[in-house]
Amino acid sequence: DLLDVADAEKPRLLLMGLRRSGKSSIERVVFHKMSPNETLFVESTTKIEKDDIISFIDFQIWDFPGQLDFFDPAFDSEMIFGQCGALVFVIDAQDDYLEALQRLYMTVTRAHKVNPNISFEVFIHKVDGLSDDHKIETQRDIHQRISDELSDAQLDNIHLSFYLTSIYDHSIYEAFSKVIQKLIPQLPTLENLLNILCSNSGIEKAFLFDVLSKIYIATDSSPVDMQSYELCSDMIDVILDVSSIYGISDKDSPSSTSTPTSPTADGDAHALIRLNNGMVLYLREVNQHLALVCLLREDNFEKQGLIDYNFRCFREAILEVFELRRKGYSNGNGAADE
Ligand code: GDP
């Protein structure tokens, strides 16, 4: 079946956790642009949901109901964990989390047995309600408890990563970015290309964003500070809003809808915002899914011709890197391009 072939090639991400931990909200906010407040009315997950994300990275979220029973014979762990790249386990930090930890332990040990290559990502979620001290204490406590349990069972080799997340700020995007980056085999190449671009163009910081989700799939190797990340990610929203209201988009023309991944159909959109601290935010579209957003000093931006030239080389290289991967399917709906 062609559809299965395409599905199998996608890095698969599982989202799990107890009921009401926030899974549906996370998915709605990050991948469907729902505003955090609206999630108050989201119906809780009651079945396994397979959500195909239409973006540059074709991954899936399988939203498991919290009450899922591993010992139910209908639960096919081979199938579920077998091809899964990352398992994201969501814990409600505003609630008593002992039961969630129990569940996490069971899930991790079970999944690891089926597939030792899964990366385990724990989202300590809803931390917007916690003080900074409380956040750190909660993370330490959760880390400690689960590590103790794993080492009691001589399973120290299972590695878990922890993130403090909330849908009310950028932390959920930051966490997802790190999770997704682990699933992108081309990451070192992308980082390298970004480093070259930055050093040749006088750019301080550059992010390669998946436009739809605002997940950054790569950045140059200078340290990420939250403030520049937020600036760059907010710029995407601003540009998307303005261009969807006032812009002429290729995507609207009927002729281009038949080839949604054609990288050269568009990719020329760019935008510039001068900040009041002598810095410039510069956005360039790589293709319809990806955009480069960079932060640089205004004096360096005087050489815009050079930057644009470097960007074009960068874009060509990026598209080449992904070319091989994209072969085989034509769009994010999983339809095979045969
Ligand atoms: P699910 O059962 O795991 O899918 O959980 P839901 O997505 O239905 O979320 C349960 C509740 O948690 C909803 O009322 C959400 O508004 C709330 N929620 C989700 N994420 C956050 C968060 O980051 N902070 C806060 N304060 N509440 C959240």
Side-chain angles (χ1 to χ4, degrees), residues 12-53 59-70 72 75 80-81 84 86-108 110-111 120-139 141-143 146 160-180 212-216 226 229-230 233-234 237:
R12 182 168 298 159
L13 192 131
L14 297 183
L15 197 62
M16 297 176 88
L18 290 188
R19 218 187 167 130
R20 308 294 293 160
S21 56
K23 301 179 299 297
S24 321
S25 311
I26 293 174
E27 193 224 322
R28 299 284 195 319
V29 168
V30 176
F31 300 102
H32 300 283
K33 297 267 160 261
M34 185 183 270
S35 90
N37 289 319
E38 284 176 74
T39 66
L40 289 170
F41 313 108
V42 161
E43 259 186 67
S44 195
T45 321
T46 49
K47 59 176 186 350
I48 295 176
E49 281 174 15
K50 239 173 109 179
D51 183 19
D52 273 307
I53 309 296
F59 58 88
Q60 300 179 343
I61 290 180
W62 287 28
D63 196 358
F64 282 74
Q67 68 279 22
L68 187 86
D69 183 6
F70 287 128
D72 183 336
F75 184 81
I80 290 170
F81 298 127
C84 156
L87 194 159
V88 175
F89 194 94
V90 184
I91 297 179
D92 181 347
Q94 292 189 13
D95 200 14
D96 175 24
Y97 48 73
L98 290 183
E99 194 194 339
L101 285 180
Q102 214 37 51
R103 195 84 207 175
L104 171 63
Y105 175 78
M106 259 170 62
T107 310
V108 161
R110 183 84 179 220
F120 295 110
E121 318 284 358
V122 181
F123 285 10
I124 301 168
H125 190 56
K126 307 193 191 177
V127 292
D128 47 276
L130 274 55
S131 69
D132 283 349
D133 285 352
H134 195 173
K135 280 183 204 173
I136 296 182
E137 177 49 31
T138 306
Q139 173 164 357
D141 188 49
I142 288 178
H143 190 160
I146 192 76
L160 279 70
S161 308
F162 298 88
Y163 309 83
L164 293 165
T165 59
S166 161
I167 53 170
Y168 288 96
D169 58 35
H170 287 81
S171 58
I172 192 71
Y173 297 96
E174 175 79 15
F176 257 112
S177 301
K178 292 193 173 133
V179 170
I180 296 301
L212 173 110
S213 60
K214 292 196 297 174
I215 286 170
Y216 67 93
M226 214 45 190
Y229 166 67
E230 285 174 18
S233 112
D234 287 346
D237 279 340

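All figures in this text were calculated on a predicted structure; none of them were measured in a lab. For ligands, and for the atoms within them, numbers begin at 1 and follow the listed sequence.
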Q: Using the side chain to side chain contact (heavy atoms under 4.5 Å, CB included) criterion, which residues pair with Asp95? Sequence neighbours excluded.
A: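 With neighbours one apart ignored, the set is Asp92.
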Q: Does ligand 1 have any atom that is closer than 4.0 Å to a heavy atom of Gly129?
A: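 No, Gly129 has no heavy atoms under 4.0 Å from ligand 1.
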Q: So, is Gly22 polar-close to ligand 1, with some N/O to N/O distance under 3.5 Å?
A: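 Min N/O separation from ligand 1 is below 3.5 Å for Gly22.
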Q: Would you check the N or O atoms of Thr39, main chain and side chain alike, for any that come under 3.5 Å of an N or O of ligand 1?
A: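 Yes, since at least one N or O of Thr39 sits under 3.5 Å from an N or O of ligand 1.
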Q: Is a donor on one side and an acceptor on the other found under 3.5 Å between the side chain of Ser213 and the backbone of Val30?
A: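 Looks like no, no N/O pair under 3.5 Å.
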Q: Which atoms from ligand 1 have a heavy atom of Ser166 less than 4.0 Å away?
A: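 Counting from 1, the qualifying ligand atoms are 23 (O).
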Q: If I apply the N/O under 3.5 Å rule, does Arg20 come out as touching ligand 1?
A: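 Yes; the residue has a nitrogen or oxygen that sits under 3.5 Å from a nitrogen or oxygen of the ligand.
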Q: If you measure every N or O of Ser25 against every N or O of ligand 1, does any of those distances drop under 3.5 Å?
A: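 Yes, Ser25 has an N/O under 3.5 Å of an N/O on ligand 1.
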Q: Which atom names give the shortest non-hydrogen contact between Glu121 and Ser161, and what distance separates them?
A: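 What the structure gives for the nearest pair is OE1-CB, 3.4 Å.
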Q: Using a strict 4.0 Å cut-off to heavy atoms of Tyr168, name the atoms of ligand 1 that fall inside it.
A: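 With Tyr168 as reference, the close atoms of ligand 1 come out as 24 (N), 25 (C), 26 (N).
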Q: Locate the shortest heavy-atom distance separating Leu130 from Lys135; write the atom from each residue and the value.
A: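 Looking at all heavy atoms of both residues, the shortest contact is O-CE, 3.7 Å.
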Q: Is the closest basic N to carboxylate O distance between Arg103 and Glu99 below 4.0 Å?
A: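 No, Arg103 and Glu99 are not salt-bridged.
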Q: Which residues pass the side chain to side chain donor-acceptor pair (under 3.5 Å) test with Ser131, sequence neighbours left out?
A: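 Here no residue qualifies.
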Q: Among the heavy atoms of Gln94, does any lie under 4.0 Å from an atom of ligand 1?
A: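 Gln94 counts as a contact of ligand 1 under the 4.0 Å cut-off.
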Q: Look only at the side chain of Lys23 and the backbone of Gly17, and say whether a donor-acceptor pair between them is shorter than 3.5 Å.
A: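 Yes; judged by distance alone, with no hydrogens or angles, the pair exists.
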Q: Under 4.0 Å, heavy-atom basis, I'd like to know which part of Leu18 is in contact with ligand 1: side chain, backbone, both or neither.
A: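 The part of Leu18 near ligand 1 is the backbone, not the side chain.
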Q: Enumerate the atoms of ligand 1 whose separation from the nearest heavy atom of Leu40 is less than 4.0 angstrom.
A: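 Answer for ligand 1: 14 (O), 16 (O).
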Q: Verify the distance criterion only: is there a donor paired with an acceptor across the side chains of Asp169 and Ser171 at less than 3.5 Å?
A: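 Yes, side-chain donor-acceptor contact under 3.5 Å.
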Q: Are the aromatic ring centres of Phe176 and Phe123 under 6.0 angstrom apart?
A: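 So the answer is yes for these two rings.
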Q: Test of understanding: given a 4.0 Å heavy-atom threshold, classify the contact between Arg28 and ligand 1 as side chain, backbone, both, or neither.
A: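 Contact part for Arg28 vs ligand 1: neither.
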Q: Just jot down the ligand 1 atoms closer than 4.0 angstrom to any heavy atom of Ser24, in number order.
A: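 Listed by number with element: 1 (P), 4 (O), 7 (O).
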Q: Which part of Asp128 is near ligand 1, with near meaning a heavy atom under 4.0 Å away: side chain, backbone, both or neither?
A: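 It is the side chain that touches ligand 1; the backbone stays farther off.
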